[in-house]
Number of protein chains: 2
Amino acid sequence: MRSDNKANFSNKDITPFCPAAVAGPDASAFSPEDALKLDVQLCFPLYAASREVIKNYRPLLEELDLTYTQYIAMMVMWEQKAISVKDMGQKLFLDSGTLTPVLKALEKKGYVSRRRSPDDERVLIVEITEDGEALKNQAVTVPQKIADCISLEPQEAMELYRILYKILGKEI
Amino acid sequence: MRSDNKANFSNKDITPFCPAAVAGPDASAFSPEDALKLDVQLCFPLYAASREVIKNYRPLLEELDLTYTQYIAMMVMWEQKAISVKDMGQKLFLDSGTLTPVLKALEKKGYVSRRRSPDDERVLIVEITEDGEALKNQAVTVPQKIADCISLEPQEAMELYRILYKILGKEI
DNA sequence: TATAATTAAATTGTACTCAATCGAATTTAG
DNA sequence: CTAAATTCGATTGAGTACAATTTAATTATA
């Protein structure tokens, strides 16, 4: 009744995070093992869609000599001009173990500079360079190109956006 | 008017993938550079939420001596008993460069065995072992525990699930 | 004010993730 | 039939992710 490799459920018998949790009074259709089926997971398509979408950036960002992680770090820089590693980490949900090599790579390309804060030597201030500012002009077309290869209705995009930020603990 | 580090938009002036694309007739509020703001992206919260959610699995899966990638590979095995690397790759959206070491690690732990297909020596068949089957009993509690630490309304979870599979090219 | 606690980055080690490439096996075309 | 094209998995190299640890700097406390 279902084509292979294609998810299908009626909303009365699932909850992606855990069927049993939201199945409600009529949870009889679920055996405990059903909770471990790939089709029933919500985390898995979240993880897979994230990777699939980011894959679309690669050819576009290659022209700017940026990886996706470097690109979102530059997004922060284009807005902030100067920011500490810690503050950038909070914005991007990344820790210093990830950001340190990313920022060193961006420094090597000449898009940012790194220096310690005079006020607090523990703090490393990342600052955008002129080349980094100039890169923005080449980057402005990227969002539209990404939009073109992912087909969601505007209200779906809005709803996805809202739910993702709810998961991230920032309800809007 | 807005608290720092918190996204907020009215649906008349955004589209997360690209503001200009969905802003509609009244797109005047957007300058081109607005498209590069982190708050306006849809890919970014997708990427961040994916990592944040998967982080929750780590302590749970540690007890099973599995990583998240190994866990989703085992999910496939619990349903299929035997499958080729290629077919598993299609289910998980992962290629051989990722799966080969993951499956070797699972073989080392004794949860799967690997052998070439007699019909086609190019094909590697992954088969679940008794230990792998037994592991399922320890894993059944994982989905509920994950559900407990992510608070979405059932209909939000359903909608997220649907949209993610739409992005993955499997509309439901 | 010594010292303890805390904080911020960097480092280390493990584990992906993926593009590109390779080599062996199989299929297809001529 | 046989050479070319395709397919499958493994390998390689670059770049993350992230927990845990380390080091240096700052702040709090007895």
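Note on naming: letters A, B, ... go to the chains in the order of the sequence lines (proteins, then strands), and numbering restarts at 1 for each one.
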Please work out if A/T67 contacts a base, only the sugar-phosphate, or nothing of the nucleic acid, heavy-atom cut-off 4.0 Å.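 The answer is sugar-phosphate, as A/T67 gets under 4.0 Å only of primed atoms, P, OP1 or OP2.
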
Among C/dC16, D/dA10, C/dA10, find the nucleotide with the atom closest to the side chain of B/Q70.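 Looking only at heavy atoms from C-beta outward on B/Q70, the closest nucleotide is C/dC16.
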
Separation of [N] [atom2] from [X] [atom1] (nearest whole Å):
X     : N      : atom1 : atom2 : answer
B/K55 : D/dT16 : NZ    : C1'   : 13 Å
A/L94 : C/dA10 : CG    : P     : 14 Å
B/Q90 : D/dC8  : CD    : P     : 8 Å
A/I54 : C/dC18 : CD1   : P     : 9 Å
B/L99 : D/dG9  : CG    : C1'   : 10 Å

Using the closest heavy atom to pick a nucleotide of DNA chain D for each, name whichever of B/P101 or B/E52 lands nearer the 5' end.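 Checking each residue's closest nucleotide, the 5'-ward one belongs to B/P101.
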
So, is [X] near the phosphate of [N], with a side-chain N or O under 4.0 Å from OP1 or OP2?
X      : N      : value
A/Y47  : C/dT17 : yes
B/T69  : C/dT17 : yes
B/R114 : D/dA10 : yes
A/R116 : C/dA10 : yes
B/K104 : D/dT11 : yes
A/R51  : C/dC18 : yes
B/T100 : D/dA10 : yes

If the threshold is 4.0 Å, N to carboxylate O, is there a salt bridge linking A/R162 and A/E159?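 Salt bridge present between A/R162 and A/E159.
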
Test: A/E156 and B/K166 ion pair at under 4.0 Å: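 Salt bridge flag = yes for B/K166 with A/E156.
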
Flag, side chain of A/S50 to backbone of B/S50, donor-acceptor distance under 3.5 Å: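 Answer holds: no.
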
Is the backbone of A/Y111 close enough, under 3.5 Å, to the side chain of A/T129 for a donor and an acceptor to pair up by distance?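 Side chain of A/T129 to backbone of A/Y111, a donor-acceptor pair under 3.5 Å: yes, one is there.
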
Ignoring hydrogens and angles, does a donor from either the side chain of A/S96 or the base of C/dA8 sit under 3.5 Å from an acceptor on the other?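 Under the 3.5 Å cut-off, the side chain and the base do not form any donor-acceptor pair.
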
What are the two closest non-hydrogen atoms of A/L106 and A/A73, and how far apart are they?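 What the structure gives for the nearest pair is CD1-CB, 3.9 Å.
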
Other residues, nucleotides, ligands: >12 heavy atoms within 6.0 Å of A/Q155 CD: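 Result for CD/A/Q155: enclosed.
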
Checking B/R51 against B/Y47: charged group under 6.0 Å from the ring centre and within 45 degrees of the axis?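 Yes - B/R51 lies over the ring of B/Y47, closer than 6.0 Å to its centre and within 45° of its axis.
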
Could you check A/R58 against A/I125 and say which one's nearest nucleotide on DNA chain C is further toward the 5' end?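 This one resolves to A/I125.
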
Give the B/S/- string for nucleotides 21-27 of chain C, one per nucleotide from 5' to 3', where a protein heavy atom under 4.0 Å of the base yields B, of only the sugar-phosphate yields S, and otherwise -. ----BS-

